[in-house]
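To start, the structure itself, in structure tokens.
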Amino acid sequence: LVSRGLLFLLKNKDAYGVWYSTQATVNVFDALMSLAPARAASFAQAAGAQTAEVFVNGQSAGTISVPTEASLAAPVTLDISRFVAAGANRVEVRRAGRGASAKAAAQVVADYYVPWSQSTDADGTLRQPRSSRALRLAVAFDKTRAQVGDEVVCHVEAERVGHQGYGMLLAEVGLPPGADVDRASLERAMKSSGWSLSRYDILPDRLVVYLWASAGGTKFDFAFRPRFGLVAKSAPSQIYDYYNPEARAVLPSQGFAVSERPSNKLAKKE
């Protein structure tokens, strides 16, 4: 039972080798430390570190040194990116000798990009079929062509689609460069949302809002004014789970064209 619990903890690490939030990571470390003395005693007879060979698609990608079960050691990493091809890949870890029967955990971390058309559905729902934690984000501006100082209203809809997911969501609404956000409109949005919109941060290229999405989602409007003329794109908009940032939906950047207001020069009379 202890081994199964330990395996559960190890299998739920995030891509950075921790457990998403600080509190969860500290709790896991406490559990690992409490298990260490008992496991060290039970494996006192274990031999020294063993070696293992990693194969990717049948090709040797390198050899690593695997610590014993009784020791607490930093993760052993191996870059296998040059052996990975498009499509399905098979990764194997092979050990020989006395270490072949010892237990070990392996984690494969991959970073990649996908086309906008394949990242989310047309309505901004995360492409994760049959998921109870799917997220949806919709961002719409009342105009994308304006003059300096014009008010631009942004409508935002955020929702956790599944019925089992819960907890705080973070939504980032991409803004064009030089956008002056109307804080009064955000304060009104917070109050009218029933405080499901609990907090916001205004960054140079985006608005970050903290949401406790209610049934049917959270909808709100806010306004901003461009400060100078430009032809540029906003930052992408996205929504993600505070405790599981890998669950997210991303929307592409929005193009803006802002023109300078014509100057009113009075003709001088001679």
Side-chain angles (χ1 to χ4, degrees), residues 15-16 111-127 134-160 168-193 195-213 217-265:
Y16 301 99
D111 292 322
Y112 57 91
Y113 297 91
V114 296
W116 286 116
S117 59
Q118 298 179 16
S119 61
T120 55
D121 287 327
D123 64 351
T125 304
L126 175 68
R127 282 189 184 274
L135 308 177
R136 187 179 73 86
L137 177 66
V139 175
F141 301 93
D142 68 339
K143 54 178 170 286
T144 56
R145 302 185 68 88
Q147 291 184 332
V148 173
D150 285 352
E151 182 181 74
V152 179
V153 178
C154 179
H155 178 70
V156 181
E157 297 183 16
E159 181 182 6
R160 189 191 296 277
M168 180 177 287
L169 298 175
L170 268 69
E172 298 183 1
V173 181
L175 300 174
D180 188 8
V181 178
D182 182 2
R183 293 178 179 269
S185 67
L186 286 171
E187 293 295 329
R188 291 193 298 269
M190 289 176 61
K191 294 179 181 179
S192 62
S193 71
W195 299 104
S196 61
L197 193 170
S198 61
R199 177 185 163 188
Y200 63 85
D201 291 324
I202 300 175
L203 303 182
D205 63 343
R206 71 196 65 197
L207 169 72
V208 181
V209 292
Y210 298 74
L211 304 170
W212 294 93
T218 299
K219 303 177 182 179
F220 65 93
D221 296 335
F222 72 95
F224 66 88
R225 297 178 185 273
R227 293 198 300 265
F228 44 78
L230 55 81
V231 176
K233 286 188 175 183
S234 68
S237 298
Q238 59 181 324
I239 185 172
Y240 51 92
D241 193 311
Y242 182 83
Y243 289 105
N244 181 17
E246 293 180 358
R248 65 177 61 213
V250 185
L251 299 178
S253 302
Q254 175 66 60
F256 284 86
V258 180
S259 59
E260 298 281 357
R261 289 188 177 276
S263 57
N264 295 321
K265 296 182 178 179

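One is the number of the first residue; the rest follow in order along the sequence. Bear in mind the structure is a predicted one, so any value in this text is a computation, not a measurement.
Every residue meeting the side chain to side chain contact (heavy atoms under 4.5 Å, CB included) condition with Tyr242, not counting sequence neighbours, appears here in chain and number order: Met168, Leu170. For the side chain to side chain contact (heavy atoms under 4.5 Å, CB included) test, residues two or more places apart in sequence or in another chain that qualify with Arg227 are Asp180. For the side chain to side chain donor-acceptor pair (under 3.5 Å) test, no residue two or more places apart in sequence or in another chain qualifies with Asp182. Residues satisfying the side chain to side chain donor-acceptor pair (under 3.5 Å) test with Glu187, not counting sequence neighbours, are Tyr200. Qualifying salt bridge (Lys or Arg N to Asp or Glu O under 4.0 Å) partners for Asp221, counting only residues two or more places apart in sequence or in other chains: none. Residues forming a side chain to side chain donor-acceptor pair (under 3.5 Å) with Glu157 (at least two apart in sequence, or on another chain): Arg136, His155. Applying the salt bridge (Lys or Arg N to Asp or Glu O under 4.0 Å) rule to Arg183 yields no partners; only residues at least two apart in sequence or on another chain are considered. Take Ser185 and apply the side chain to side chain donor-acceptor pair (under 3.5 Å) test, not counting sequence neighbours, and it matches no residue.
When all heavy atoms of Ile239 and Glu159 are compared, the closest pair comes out as CD1-N, 4.4 Å. Closest of all the heavy-atom pairs between Gly229 and Glu260 is N-OE2, 3.4 Å. Closest non-hydrogen pair, Phe224 versus Val181, comes out as CB-CA, 3.8 Å.
Residues Val209 and Phe222 have side chains not in contact (no heavy-atom distance under 4.5 Å, counting atoms from C-beta outward). Between Met190 and Trp195 there is a side-chain heavy-atom pair separated by less than 4.5 Å. For the pair Ser237/Leu137, a side-chain contact is recorded, criterion being any heavy-atom separation below 4.5 Å from C-beta on.
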Only distances under 3.5 Å count here; give the side-chain donor-acceptor pairs of residues 138-149 to other protein atoms, sequence neighbours excluded, each with its distance to 0.1 Å.
from, atom 1, to, atom 2, distance (Å)
Asp142, OD1, Val153, N, 3.0
Lys143, NZ, Glu151, O, 2.6
Gln147, OE1, Arg261, NH1, 3.0

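Judged as a salt bridge (charged side-chain N to carboxylate O under 4.0 Å, His left out), the pairs with a partner in residues 168-178 (not counting sequence neighbours) are, in order, Glu172-Arg206.
Exactly one of Ile202, Val156, Asp201 qualifies for a side chain to side chain contact (heavy atoms under 4.5 Å, CB included) with Leu207. That residue is Ile202.
With hydrogens and angles ignored, the 3.5 Å screen pairs no side-chain donor or acceptor of Ser196 with any backbone N or O of Leu211.
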